[in-house]
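All remarks here apply to the structure that follows.
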Number of protein chains: 2
Amino acid sequence: MTTARRSDATRAAILEAARERFASDGYERATIRAIARDAGIDPSMVMRYFGNKEGLFAAASAIELELPELGALPSRHVGTALVTHFLDRWERDDVLTGLLRVGVTNATGAERMQAIFAEQLGPVALGVCPDPAEAPRRAALAASQILGMALARYVLHLPPAVELSRDEVIAWLGPTVQRYLTAEGP
Amino acid sequence: MTTARRSDATRAAILEAARERFASDGYERATIRAIARDAGIDPSMVMRYFGNKEGLFAAASAIELELPELGALPSRHVGTALVTHFLDRWERDDVLTGLLRVGVTNATGAERMQAIFAEQLGPVALGVCPDPAEAPRRAALAASQILGMALARYVLHLPPAVELSRDEVIAWLGPTVQRYLTAEGP
DNA sequence: AGCGTTGGTCAACGCTTGTTGGTCAACCTA
DNA sequence: TAGGTTGACCAACAAGCGTTGACCAACGCT
């Protein structure tokens, strides 16, 4: 095992500050100087450790959706399970919010978001979709609803969307996602 | 009637360039200098006509959703009608895309987006929702699906979402929005 | 023809940004 | 305890930003 270096704490502090700032300010307004200030170090350290701003963002937005194993649960509950999981994942930290914010204004961010959903939601769709050839579009439909709720609730802060309880969101969106993924046709 | 001033053409050119740049670059990266260059005039003219950058954005994102009259059509088709209308509206110009892009990174933009949907989608929900007290949350649910598809299709450019035909989007999303607005419960 | 008003350019300002290189203290190892 | 490696700071850079004010040209009225 590699022994812990003294700089690991600083690295981690920078990453944490970067995640918060990217999540709350977006790519352009999250300045390296502000991130460094939050982390309590000098801006030049950020460059030393991550090369440049884009490198910092890449490191800060490394993410696993950690989708649950689909085979374990009956496929008729996959919609509810997915919505529940994403709600949890979204509220655990601000990495996903940051990714969404950056994905909207930055081409690199958009590509990363594309890749994440293709690689991690795609297989789930493949497992439960009636026609495998249709899996990508089913996944895209499901993603549109999940991302849309995240947008309304965590980014735009539309009041009625924020006030919906966790269970209400699951109850409303679950069947929608279920239908998108498993229905024979529209 | 007020006679056309010489400057109207310039004003319009600035607004058009601003809409394009806000839509494709977001608020921060859409620089006044670039907008002025696109419009073929000096950056200082932008300040003269619109005061400052925020004023320019406010003018460039003045928008009417132009939602169809709800009373005219049977309420069981309101979902499909809404999705159709938004698809049209979104593809007509880039004002909505710009608003979405800016709303995600800019507080002013988010408030504007909130206001637009509350004022213009809210009444529609009030007209068709079984319990008037529930109208705002129903509208928020519908907005989440509509915005989510716009996000996936026009902003993030998720390939399967882009490749969906117009009619397919309507066929899939129509029933969802219909359910959100008119169902008795989840 | 003369003059105020309008539409426009130009050059500069103060500021912030990402980024760099030089310097210094703390640490580990021999 | 000496010396190299590591971690961090500081000051500065060039570029780009929003914004301002002085200046000029064309127009429309009388």
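Below, read A as the first sequence line, B as the second, and so on, with proteins coming before strands; counting in each chain starts at 1. Basis for what follows: all heavy atoms, side chains included, without hydrogens, waters or symmetry-related copies.
- Residues from residues 20-29 of chain B placing a heavy atom under 4.0 Å of any atom in DNA chain D do not occur.
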Using a cutoff of under 3.5 Å, can you pull out all pairs of nitrogen or oxygen atoms linking the protein to nucleotides 6-12 of chain C, with atom names and distances?
from	atom 1	to	atom 2	distance (Å)
C:dG7	OP1	B:S7	N	3.2
C:dG7	OP1	B:S7	OG	2.9
C:dG8	OP1	B:T10	OG1	2.7
C:dG8	OP2	B:T10	OG1	3.0
C:dG8	OP2	B:Y49	OH	3.0
C:dG8	O6	B:R48	NH2	2.8
C:dT9	OP2	B:D42	N	2.9
C:dC10	N4	B:S44	OG	3.1

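- The CD1 atom of B:I35 sits 11 Å away from the P atom of D:dC17 (whole-angstrom rounding).
- Rounded to whole Å, atom P of D:dC10 lies 18 Å from atom CD1 of A:I32.
- For the residue pair A:S165 / A:D167, no side-chain donor-acceptor distance below 3.5 Å is found, with atom types taken as modelled.
- Counting to the nearest Å, the P atom of D:dT20 and the CE atom of B:M47 are 5 Å from each other.
- Between the B:R19 side chain and the B:V95 main chain, no donor and acceptor come within less than 3.5 Å of each other.
- Distance alone, capped at 3.5 Å, is enough to place a donor-acceptor pair between the A:Q114 side chain and the B:H157 backbone.
- Nucleotide C:dT9 is matched to D:dA22 when pairs are restricted to Watson-Crick or G-U wobble geometry with both distances under 3.5 angstrom.
- The side chain to side chain donor-acceptor pair (under 3.5 Å) contacts involving residues 136-148 of chain B comprise A:S144-B:Q145, A:Q145-B:S144, A:E168-B:R137, A:Y180-B:Q145, B:E134-B:R138, where partners must be two or more places apart or lie in separate chains.
- B:F57 and B:Y27 have perpendicular rings, their planes meeting at more than 60° on a 0 to 90° scale where under 30° would count as parallel.
- B:R179 contributes a side-chain N or O that, together with a main-chain N or O of A:W172, makes up a donor-acceptor pair within less than 3.5 Å.
- In this structure, B:R101 is not positioned above the aromatic face of B:Y154 in the sense of NZ or CZ being under 6.0 Å from the six-membered ring centre and within 45° of the axis.
- Each of B:L126 and B:L181 belongs to its own hydrophobic cluster when Ile, Leu, Val, Met, Phe, Trp and Tyr are linked at side-chain heavy-atom distances under 4.5 angstrom.
- Between B:N52 atom CG and D:dT19 atom P the separation is 5 Å, expressed in whole Å.
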